[in-house]
Amino acid sequence: MSFTQQKEDKEIEEALVRDLQAGNLEAYDRIAELYQKKIYALSFNLMRNQMDAQDVTQEVLLTLFRKINTFQGKSAFSSWVYRITLNASYMKLRNKKKEPNISIDELLPSFNGAGFQQEKIQDWSENTESLLFTNETREVIKKAVDLLPEKEKVVFLLRDVEGLSTEKVSEILDLTVPAVKSRLHRARLFLRKKLSGYFEEYNSQKGGK
Amino acid sequence: MICCKECIDLLHDYFEGALDQETKNSLEEHFQDCPPCIAFLNTYKSTTTLCRETLNQIEIPDEVRRALQNFLKEHKIQQKKM
């Protein structure tokens with residue numbers, strides 16, 4: 001995104017916030033139009049359930065309208081929206097029975113004493129194009145992301161899926177930049193390992209034919 | 001020369017273009033002699049792309065969009081009454 005674009009977005013955001021704080025009901029629709037897709041997508045990726053994501057989206061929109069006067073503009077309005085979305089999703093998840101998370105460390109690469117890789121690494125990256133749009137692959141990917149521990153998952157969703165900058169994610173989650181980087185890297189290592197199992201099996205089946 | 005462990009620790013910054021020239025050179029030197037790390041690098045990159053392309057396709061389903069519109073409409077009516 002260009003600097004001018006960012007500046008324009010910021011100005012539009014600030015004007016909307018002012019309208020909303022002044023009680024302008026037209027601003028409701030514009031805020032909903034601008035943010036509901038982001039709110040829905042993030043909460044859906046966290047909960048993987050349409051009804052829950054709908055509930056959270058309604059709740060977040062309502063919170064934005066009701067609490068707009070507590071928004072002080074210390075961070076970007078969009079960061080505030082993301083934070084409210086995360087809180088509402090976590091509240092919802094807390095009421096559900098959760099599957100235990102697997103430890104991320106077990107899935108990180110292993111090295112010998114000299115720091116060299118111990119596993120055999122297969123390069124499956126060339127063969128993913130044809131696989132990407134099959135339902136099976138999409139399911140495998142979604143399951144792998146669902147298995148990520150919460151701390152890593154949220155960073156991964158905001159940074160890699162939403163495409164926000166490291167700095168923005170650190171603002172939303174109130175984490176340092178190195179902490180965001182390290183969680184993102186761990187999430188990617190975890191997912192790489194999970195996807196490797198699937199693609200390596202696919203390649204060996206294909207090779208055996 | 002750096003080892004595989006150091007190499008993998010640097011991947012995040014490598015893709016961000018955040019490494020200084022010297023570190024970047026030694027990383028690329030390592031890649032030349034280490035096919036497993038090249039495979040790791042390629043699959044690390046692919047993982048990010050695959051996950052992004054799978055998860056950022058989410059659209060609001062029509063029935064949810066309608067429900068949200070009704071919800072907002074009702075909320076606005078309530079606000080006007082207040």
Side-chain angles (χ1 to χ4, degrees), chain A residues 23 25 28-29 32 36-37 40-42 44-45 50-51 53-54 57-58 61-62 65 108-109 111-112 114-126 128 131-133 137-138 140-142 144-145 156-157 160-163 166 181-182 184-185 187-189 191-196 199, chain B residues 1-19 30 33-82:
Chain A
L25 291 182
Y28 276 42
D29 296 323
Q36 66 183 8
K37 196 189 156 204
Y40 181 84
L42 179 59
F44 185 84
N45 275 329
Q50 181 179 317
M51 203 58 217
Q54 179 181 327
T57 310
Q58 289 187 348
L61 289 174
L62 208 55
F65 304 145
L108 298 183
F111 304 95
N112 65 16
F116 288 93
Q117 297 205 60
Q118 282 184 312
E119 309 164 55
K120 207 167 155 273
I121 309 284
Q122 246 190 51
D123 190 350
W124 42 263
S125 64
E126 303 252 314
T128 56
L131 273 174
L132 179 56
F133 298 106
T137 312
R138 304 176 81 88
V140 169
I141 291 172
K142 283 177 193 163
V145 173
F156 173 77
L157 289 177
D160 275 352
V161 179
E162 292 294 311
T166 307
K181 286 185 178 181
S182 132
L184 179 66
H185 184 56
R188 289 170 172 175
L189 292 177
L191 294 169
R192 194 205 73 86
K193 180 79 182 170
K194 282 275 162 200
L195 296 192
S196 291
F199 286 118
Chain B
M1 198 173 99
I2 61 171
C3 65
C4 300
K5 184 178 183 311
E6 289 168 290
C7 165
I8 286 166
D9 286 344
L10 292 170
L11 284 186
H12 175 282
D13 285 349
Y14 182 61
F15 281 122
E16 297 265 294
L19 293 179
H30 179 99
D33 298 323
C34 187
C37 274
I38 294 186
F40 200 99
L41 166 89
N42 289 340
T43 49
Y44 180 92
K45 204 172 168 184
S46 279
T47 298
T48 311
T49 322
L50 284 169
C51 291
R52 173 172 40 239
E53 287 178 7
T54 302
L55 297 178
N56 72 3
Q57 302 291 328
I58 290 167
E59 292 291 336
I60 303 186
D62 286 343
E63 67 259 36
V64 176
R65 191 172 282 279
R66 276 194 296 274
L68 288 172
Q69 268 167 0
N70 289 337
F71 173 80
L72 283 176
K73 214 188 272 172
E74 269 175 40
H75 177 69
K76 280 203 294 191
I77 293 169
Q78 279 176 13
Q79 287 289 300
K80 278 180 188 158
K81 281 182 190 159
M82 276 165 68

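The chains referred to below are lettered A, B, ... by the order of the sequence lines, with proteins before strands, and numbering in each begins at 1. All values below come from the heavy atoms of this structure, side chains included, with hydrogens, waters and symmetry mates left out.
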> Could you state the interatomic distance from CG (B:Leu55) to CG (A:Leu42), rounded to the nearest 0.5 Å?
Replying inline: 11.0 Å

> What residue, out of A:Gly163, A:Pro109, A:Ala53, has the most heavy-atom pairs lying under 4.5 Å from chain B?
Replying inline: A:Pro109

> Between A:His185 and B:His12, how do the two ring planes meet: parallel, tilted or perpendicular, split at 30° and 60°?
Replying inline: perpendicular

>> Determine whether B:Val64 and A:Phe44 satisfy the following criterion, side-chain contact (heavy atoms from CB on, under 4.5 Å), listing intermediate values before the conclusion.
In response: CA-CA 12 Å; B:Val64 176; A:Phe44 185 84; over 6 Å; no

>> Within this structure, what is the CG-CG distance for the pair B:Asp9 and A:Leu189, rounded to the nearest 0.5 Å?
In response: 8.5 Å

> Do you know the tightest heavy-atom contact between A:Ser125 and B:Ser46?
Replying inline: CB-OG, 3.0 Å

> Between atom OG1 of B:Thr54 and atom NZ of A:Lys142, what is the distance when rounded to the nearest 0.5 Å?
Replying inline: 7.5 Å

>> I'd like to know which of A:Asp123, A:Leu61, A:Leu157 tops the heavy-atom pair count under 4.5 Å against chain B.
In response: A:Asp123

> Looking at CD1 of B:Ile60 and CD of A:Gln36, how far apart are the two atoms once the value is rounded to the nearest 0.5 Å?
Replying inline: 4.0 Å

> So, for B:Ala39 and A:Gln122, which heavy atoms are closest and what is the spacing to 0.1 Å?
Replying inline: CB-C, 4.1 Å

> If you take all heavy atoms of B:Phe71 and A:Gln58, which pair is closest and at what distance?
Replying inline: CE2-O, 3.5 Å

> Checking B:Cys37 against chain A: side chain, backbone, both or neither under 4.5 Å from a heavy atom?
Replying inline: both

>> Under 4.5 Å from any heavy atom of chain B, what part of A:Phe111 do you find: side chain, backbone, both or neither?
In response: side chain

> Between B:Ile38, B:Leu72, B:Asn42, B:Asn56, which residue shows the highest count of heavy-atom pairs closer than 4.5 Å to chain A?
Replying inline: B:Asn42

> Shortest non-hydrogen contact from A:Arg188 to B:Thr47?
Replying inline: O-CG2, 4.1 Å

> Just how far is it from atom CZ of A:Phe199 to atom CG of B:Leu50, taken to the nearest 0.5 Å?
Replying inline: 5.0 Å

> Under a 4.5 Å heavy-atom cutoff, which of A:Leu191, A:Asn45, A:Leu184 has the most pairs with chain B?
Replying inline: A:Asn45

> Under a 4.5 Å heavy-atom cut-off, does chain B meet the side chain of A:Val161, its backbone, both or neither?
Replying inline: both

> If you look at every heavy atom in B:Cys51 and A:Leu195, which pair is closest and at what distance?
Replying inline: SG-CD1, 4.3 Å

> Where do B:Pro61 and A:Tyr40 come nearest, in terms of heavy atoms and distance?
Replying inline: CD-OH, 3.3 Å

> Given a strict heavy-atom distance threshold of 4.5 Å, which part of A:Ala114 is in contact with chain B: side chain, backbone, both, or neither?
Replying inline: backbone

> What's the spacing between B:Lys73 NZ and A:Asp29 CG if we round to 0.5 Å?
Replying inline: 10.0 Å

> When heavy-atom pairs shorter than 4.5 Å are enumerated against chain A, which of B:Glu63, B:Lys45, B:Glu59 gives the highest number?
Replying inline: B:Glu59

> Does any heavy atom of chain B fall under 4.5 Å from the side chain of A:Thr166, the backbone, both, or neither of them?
Replying inline: side chain

